[in-house]
> 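Quick one: the structure is below, and I'll ask about it shortly.
Just so it is clear: chains get the letters A, B, ... in the order the sequence lines come, proteins before strands, and each one is counted from 1. Remember, it's a predicted structure, so these values are computed and weren't measured experimentally.
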2 protein chains.
Amino acid sequence: MDVLATFLPSARSAQNRQQLCDLLERQLNKLGFNYWAYVEHSQGTQNLLTNYPAEWVSYYVSRDYEKIDPLTDKELDHLLPYLWSDLLKTYPLTRTQQQIFDEASSLGISDGIAIPIHEPGGDYACLTISGFADMRELPRVFASEKTELYALATAFHIHIRQLPSQCAVALTQRERECLKWVAQGKTSWRIGELINVSERTVNFHITNAMKKLGAKTRQQALTNAVAQKIITSL
Amino acid sequence: MDVLATFLPSARSAQNRQQLCDLLERQLNKLGFNYWAYVEHSQGTQNLLTNYPAEWVSYYVSRDYEKIDPLTDKELDHLLPYLWSDLLKTYPLTRTQQQIFDEASSLGISDGIAIPIHEPGGDYACLTISGFADMRELPRVFASEKTELYALATAFHIHIRQLPSQCAVALTQRERECLKWVAQGKTSWRIGELINVSERTVNFHITNAMKKLGAKTRQQALTNAVAQKIITSL
DNA sequence: TTGGGCACTGTCAGATCTGACAGGTTGGGC
DNA sequence: GCCCAACCTGTCAGATCTGACAGTGCCCAA
């Protein structure tokens with residue numbers, strides 16, 4: 001039952017975000033939660049990862065519900081995990097907000113736990129988990145597992161940040177290889193020697209990488225690649 | 001009394017590690033803890049930050065106590081915060097280990113809380129806090145504040161990782177400035193235009209930065225600077 | 001006052017990169 | 001069999017960087 005002990009070692013070997021999400025889901029299932037959603041706010045852009053039904057997500061997004069969801073605008077104020085219901089007790093819901101809540105309930109998303117994570121620079125993320133089997137048990141589970149859930153969310157957050165997102169530029173094997181050597185301070189000629197191709201070919205791959213990354217120089221290509229987690233800075 | 005709410009906003013504006021440590025200490029004092037120690041294990045190297053008395057630290061290090069300390073080798077096995085005393089109950093102490101414990105106790109470091117933090121790639125860190133005013137109260141405080149302490153430790157960890165360590169190379173203002181523009185893909189000539197100096201001067205600063213960073217190319221200088229948190233990748 | 005760190009500037013040769021030209025091979029999917 | 005992506009190679013002009021030469025001025029601490 002020790003979900004953290006299971007999650008952490010396997011999280012380290014996850015190769016992409018999808019794998020990591022699967023690992024998280026498996027552990028949450030063990031704890032009795034069917035649904036999860038992770039929203040990261042980074043430099044003004046948002047990114048949503050979730051196992052909510054696709055129809056619900058597209059419906060939610062199409063109606064701009066995130067702008068009026070009673071939960072989204074409260075995330076920032078909270079620093080520790082909290083129960084949705086605890087939070088909602090203190091705020092009266094508008095008619096539209098009540099409607100969102102009712103619609104979600106019909107999918108089994110009636111109460112859940114939100115776990116906010118704050119980063120330097122104003123970035124933050126929030127993992128919410130819901131779809132708990134036995135609703136009456138939820139507050140008890142929340143109380144007893146709070147720290148473990150927080151640790152799980154933090155671990156998930158730290159790990160997912162190190163994996164390239166789906167929207168990251170797709171570089172070929174060779175392009176990544178060359179870029180990594182560039183990061184180590186090697187010249188094209190030297191890299192050619194290292195990977196057994198001509199200097200010209202190395203320049204060819206690096207130029208392609210630069211184009212894909214929208215960079216005018218190798219330096220910018222590196223910065224962009226690191227920012228997109230395509231190569232680890234090392 | 002909400003230490004997290006106080007810590008997080010100010011942590012964001014901390015300019016260096018010392019400032020961040022001071023912030024942490026202030027919050028821990030509020031909770032009743034006089035001592036703290038943060039050890040980070042990164043790529044095989046260790047780094048210790050603490051407010052333990054300097055004599056105790058040098059005494060501890062000089063006798064290689066970290067190799068036999070009953071606590072250090074247990075950190076890795078634990079994923080959640082724990083009380084020292086809880087852990088020690090389950091292991092018999094050797095004579096030398098008991099000695100360390102007694103010596104520490106005489107400084108008021110008799111029981112405490114360890115908060116391990118695990119990163120991808122095998123890196124991990126541990127924040128330990130001790131010197132609690134009223135020992136009999138400690139288990140109760142631990143139980144009630146566990147999540148908050150974990151969140152505080154995690155926040156501290158995430159923030160300190162983004163600040164250059166003391167052993168980082170010292171670049172001048174200009175050198176950092178030029179490197180940042182290089183990261184954006186600007187040429188020396190363009191940077192000169194941007195910061196109103198000649199192209200020659202830009203090359204001068206970048207060359208100096210490269211020397212200090214032990215880099216043979218601009219690319220490597222960038223990678224090293226980012227690795228040392230001297231410039232943020234952006 | 002002297003020394004040192006920092007910022008700044010110039011020139012110049014040679015190395016390196018950038019971006020254009022123009023090709024060829026291999027392997028997998030339709 | 002054809003197409004396409006990934007990989008590989010060459011040449012060449014012009015831009016850019018690297019590393020050496022040789023200087024100036026400012027400010028602060030010893």
Side-chain angles (χ1 to χ4, degrees), chain A residues 15-16 164 166-231 233-234, chain B residues 15-16 164 166-228 230-231 233:
Chain A
Q15 292 300 307
N16 56 53
Q166 301 85 333
C167 55
V169 168
L171 295 188
T172 69
Q173 173 63 37
R174 276 301 204 209
E175 284 157 1
R176 279 195 303 276
E177 204 175 352
C178 290
L179 272 191
K180 281 182 189 171
W181 286 118
V182 169
Q184 309 275 326
K186 309 296 183 197
T187 65
S188 296
W189 183 87
R190 183 86 180 87
I191 297 172
E193 200 182 44
L194 285 162
I195 65 175
N196 251 307
V197 296
S198 73
E199 177 184 0
R200 174 66 187 85
T201 304
V202 174
N203 281 328
F204 170 76
H205 290 308
I206 293 175
T207 306
N208 286 340
M210 289 195 306
K211 278 181 196 157
K212 288 184 184 174
L213 291 161
K216 280 193 69 67
T217 65
R218 292 175 177 218
Q219 295 87 340
Q220 196 182 8
L222 274 185
T223 329
N224 292 354
V226 170
Q228 293 188 27
K229 319 286 157 62
I230 295 170
I231 62 172
S233 73
L234 180 88
Chain B
Q15 294 300 307
N16 56 54
Q166 301 84 334
C167 53
V169 169
L171 295 188
T172 68
Q173 173 65 34
R174 277 300 204 208
E175 285 158 0
R176 279 195 303 274
E177 204 176 352
C178 290
L179 273 191
K180 281 182 190 171
W181 285 119
V182 169
Q184 309 275 327
K186 309 297 182 197
T187 65
S188 296
W189 183 86
R190 183 83 180 89
I191 298 172
E193 199 182 46
L194 284 162
I195 66 176
N196 251 308
V197 297
S198 73
E199 176 184 359
R200 174 67 189 83
T201 303
V202 174
N203 281 327
F204 172 76
H205 289 308
I206 294 175
T207 306
N208 286 340
M210 289 195 306
K211 279 181 196 158
K212 289 184 185 174
L213 291 161
K216 280 192 67 67
T217 65
R218 293 176 177 217
Q219 294 88 340
Q220 195 181 11
L222 273 186
T223 329
N224 292 354
V226 169
Q228 294 189 29
I230 295 169
I231 62 172
S233 74

> In whole angstrom, give the distance that lies between atom CD of A/Gln219 and atom P of D/dC17.
7 Å

> Rounded to whole Å, please give me the gap between CE in A/Met210 and P in D/dA15.
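It is 17 Å, rounded to the nearest whole Å.
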
> Could you tell me which residues satisfy salt bridge (Lys or Arg N to Asp or Glu O under 4.0 Å) with B/Arg200, sequence neighbours excluded, listed by chain and number?
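With neighbours one apart ignored, the set is empty.
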
> Distances under 3.5 Å between protein N/O atoms and the N/O atoms of nucleotides 22-30 of chain C, please, pair by pair.
none

> Listing request: all salt bridge (Lys or Arg N to Asp or Glu O under 4.0 Å) pairs with a residue in residues 182-195 of chain A, at least two apart in sequence or in separate chains.
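As it turns out, the salt bridge (Lys or Arg N to Asp or Glu O under 4.0 Å) pairs with a partner in residues 182-195 of chain A, which skip direct neighbours, are A/Arg190-A/Glu193.
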
> Who pairs with B/Gln173 by side chain to side chain contact (heavy atoms under 4.5 Å, CB included), at least two apart in sequence or on another chain?
B/Arg176, B/Glu177

> Quick one, which residues of residues 171-178 of chain B touch DNA chain C with a heavy atom under 4.0 Å?
B/Thr172, B/Gln173, B/Arg174

> Find the bend of the helix from C/dT1-D/dA30 to C/dC30-D/dG1 as the angle between its two terminal axes (five pairs each), to the nearest 10°.
40°

> Among residues at least two apart in sequence or on other chains, which ones pass salt bridge (Lys or Arg N to Asp or Glu O under 4.0 Å) with A/Lys212?
A/Glu175

> Using a strict heavy-atom distance below 4.0 Å, which residues from residues 186-196 of chain A are in contact with DNA chain C?
A/Thr187, A/Ser188

> Grab the CD-P distance between B/Glu199 and C/dC8 for me, whole Å please.
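So the CD-P distance, B/Glu199 to C/dC8, works out to 15 Å.
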
> Pairs under 3.5 angstrom, nitrogen or oxygen only, protein versus nucleotides 28-30 of chain D, please.
none

> Residues two or more places apart in sequence or in another chain: which of them pass side chain to side chain contact (heavy atoms under 4.5 Å, CB included) with B/Lys216?
B/Gln220

> Just jot down the salt bridge (Lys or Arg N to Asp or Glu O under 4.0 Å) partners of B/Glu199, sequence neighbours excluded, or say none.
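Once residues adjacent in sequence are excluded, B/Glu199 has no partner under the salt bridge (Lys or Arg N to Asp or Glu O under 4.0 Å) criterion.
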
> What residues, two or more places apart in sequence or in another chain, satisfy side-chain hydrogen bond (donor to acceptor under 3.5 Å, both in side chains) together with A/Thr207?
none

